[in-house]
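Comments concern the structure below.
We name chains A, B, ... by the order of the sequence lines, and we start the count at 1 in each one.
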Amino acid sequence: MSPDPTLLDDLEWRGLIAHSTDLDALREALGERSVRFYVGFDPTAPSLHLGNLVQILTARRLQDAGHTPYALVGGATGMIGDPRDSGERILNSLDTVKEWVERVRHQIEPFLSFDGANAATMVNNYDWTASLSTIDFLRDIGKHFPVNRMLARDVVKSRLEAGISYTEFSYVLLQSMDFLNLYRDHGVTMQFGGSDQWGNLTGGVELIRRSDGGKAHAFATPLIAKADGTKYGKTEGGALWLDPEMMSPYSFFQFWLNVEDEKVGELLRIFTFFGREEIEELEAQHREKPFLRLGQKALAEHVTSLVHGAEETERIKAAAAALFGGGELSGLGADTLCAALREAGSVTVDSAEGLPSVVDLLVQTGLSKSKGDARRTIGEGGAYLNNTRIDDPDQVPSAADLIGGAWLVLRRGKKNFAGVEVT
RNA sequence: GGCAGGUUGCCCGAGCGGCCAAUGGGAACGGACUGUAAAUCCGUCGGUGUAUACCUACGAAGGUUCGAAUCCUUCACCUGCCA
């Protein structure tokens, strides 16, 4: 199978290449034959997140263009920990890492194709690292790493004051060894990763050259940050997880829908499979009438479909349309409302002993984290029952408030909805 | 192994016997303005039906004291210097 020669241009246009080894050599390699490449994911949490999605989708783009993916989960590297600026990591137990490896593996699989001439392969670096002897490791791998060069790496430099363990310092050797092993055993000649991985990526390229005299390539994708340069991921109280248990698909969709104007074009390029013309058209429309938020809508719909499926996305869109419609809630059919609130999040309450107060309901739905917080929100004028501002914290909903005889709609602020089903 | 320093709320970081639920910054949250955008301004930011109160919290466990985030002891972890 001959690869798509325009791939690299497309990746560049999308801004997916933040750094790379010799770009011309890379272009030549990718344009002429089907390249075997790898991308790794360390199990540092039970779920992958937004940043990892960039890698997953990039892997998919490469596969679609005719190249062969090796998706690596870091059963070994996850035991060690990649150094980061914020300081030494707490080591996780083997059992925890093993469990997370499985979860991460299942999150990646749906995005790649495991059939055909360039079928993907899942690998785990635990398989070739766990049994490695220290002597072999130090002689065969360690010998190729000058410590002076390792010390010059930015992450390491930034940690020299605060301290860095030998464990984390050695991380780059393990990841480089992964590349070497995949190069030797599977003919893998390219690796990519997030730009924070750049040092680890080049470490592997260099090891292959020093150890086997081989030529390998690497590139890094950009870090995804907000328009002001700060990190995404602390929205609505948590990171942007791909696991629906850890972040509801509804919230996931809402995140994309609320992206700043300045970021729409960039995110469309990175996170969607829309073509160049399609995206440029969307950007043009967006520039002209930003208040329509067509870009955000397309982005939210596309990415949510990729991660959570088209059906779920339709349900979320219907839910958001109902809740944000601005019209009278009682005008909505009970079925519509019920479905919408289930998407947005809802709790069930037994009315046998009378309805709880609005304060209790805010807490039960999770809109407020404590009664004090709920009272505060009400005091600030930020709490609504059925789209009417609540001003008395002691208010108790009455039977007349029940929409369709069973539902209450609570809202905190402008866009946090939750339903209460009364039985 | 020895000596010295550190561990504070979501994060960073002050406090060093009572005036400490703990200064300040960031993040976050609510309001106003809007387009479920950004910027700006205002407000909030441990819990409790609101209390000169009680509970929980300043790495963990004990202790001294009328009173401890602050002093002492032991333990864990981190850092530096010396072996």
Sorted by first residue and then second, give each side-chain hydrogen bond (donor to acceptor under 3.5 Å, both in side chains) pair with at least one member in residues 135-148 of chain A; sequence neighbours left out. A/Ser133-A/Asp136

Contacts of [X] that satisfy side-chain contact (heavy atoms from CB on, under 4.5 Å) - sequence neighbours left out:
X        : value
A/Asp394 : A/Arg375, A/Asp392
A/Pro397 : A/Leu355, A/Val358, A/Leu361, A/Leu385, A/Asp401, A/Leu408
A/Arg61  : A/Leu11, A/Arg14, A/Leu16, A/Phe273

Going by the rule ring pair (Phe, Tyr, Trp, His ring centres under 6.0 Å), which residues pair with A/His308 if we only count those two or more places apart in sequence or in a different chain? A/Phe252

[atom1] gap between [N] and [M], integer Å:
N     : M     : atom1 : answer
B/U52 : B/G43 : P     : 25 Å
B/C11 : B/C58 : C1'   : 16 Å
B/G18 : B/G2  : C1'   : 38 Å

[N] [atom2] sits how many Å from [X] [atom1], rounded?
X        : N     : atom1 : atom2 : answer
A/Glu260 : B/G35 : CD    : C1'   : 14 Å
A/Leu362 : B/C29 : CG    : P     : 16 Å
A/Leu367 : B/G30 : CG    : P     : 10 Å
A/Leu257 : B/U34 : CG    : P     : 20 Å
A/Ile390 : B/G31 : CD1   : P     : 12 Å

Enumerate the protein-to-nucleotides 46-50 of chain B contacts in which both atoms are nitrogen or oxygen and the separation is below 3.5 Å.
from  : atom 1 : to       : atom 2 : distance (Å)
B/G47 : OP1    : A/Ser370 : OG     : 2.7
B/G47 : OP2    : A/Arg376 : NH2    : 2.9
B/U48 : OP1    : A/Lys371 : N      : 2.4
B/U48 : OP1    : A/Gly372 : N      : 3.2
B/U48 : OP2    : A/Gly372 : N      : 2.6
B/G49 : N2     : A/Asp394 : OD1    : 3.0
B/G49 : N2     : A/Asp394 : OD2    : 3.3

All N/O pairs under 3.5 Å across the protein-nucleotides 51-53 of chain B interface:
none

Could you check whether any side-chain N or O of A/Thr21 sits under 3.5 Å from a backbone N or O of A/Ala218, counting only pairs where one atom can act as donor and the other as acceptor? yes

Could you check whether [X] gets within reach of a base, just the sugar-phosphate, or nothing at all, counting any heavy atom under 4.0 Å?
X        : value
A/Ala320 : base
A/Phe417 : nothing
A/Arg411 : nothing

Among [options], the nucleotide that comes nearest once only the side chain of [X] is considered:
X        : options             : value
A/Tyr384 : B/G31, B/U44, B/G35 : B/G31
A/Glu380 : B/A32, B/A37, B/U44 : B/U44
A/Asp261 : B/G35, B/G30, B/U34 : B/G35
A/Arg389 : B/G30, B/G35, B/A32 : B/A32

Identify each donor-acceptor pair in which a side-chain atom of residues 94-105 of chain A lies under 3.5 Å from a protein atom, sequence neighbours left out, and give them as a table.
from     : atom 1 : to       : atom 2 : distance (Å)
A/Thr96  : OG1    : A/Ser93  : OG     : 2.8
A/Arg103 : NE     : A/Pro46  : O      : 3.1
A/Arg103 : NH2    : A/Asp243 : OD2    : 2.5

For a side chain to side chain contact (heavy atoms under 4.5 Å, CB included) check, start with the C-alpha distance between A/Met190 and A/Leu30, then their side-chain angles and the critical distance, and finish with the verdict. CA-CA 9 Å; A/Met190 189 184 83; A/Leu30 287 173; 4.0 Å; yes

Side-chain N or O of A/Lys297 versus OP1/OP2 of B/G35: is the shortest distance under 4.0 Å? no

Under 3.5 Å, sequence neighbours excluded: what are the donor-acceptor pairs made by side chains of residues 69-77 of chain A?
from    : atom 1 : to       : atom 2 : distance (Å)
A/Thr77 : OG1    : A/Asp42  : OD1    : 2.7
A/Thr77 : OG1    : A/Asn125 : ND2    : 2.8

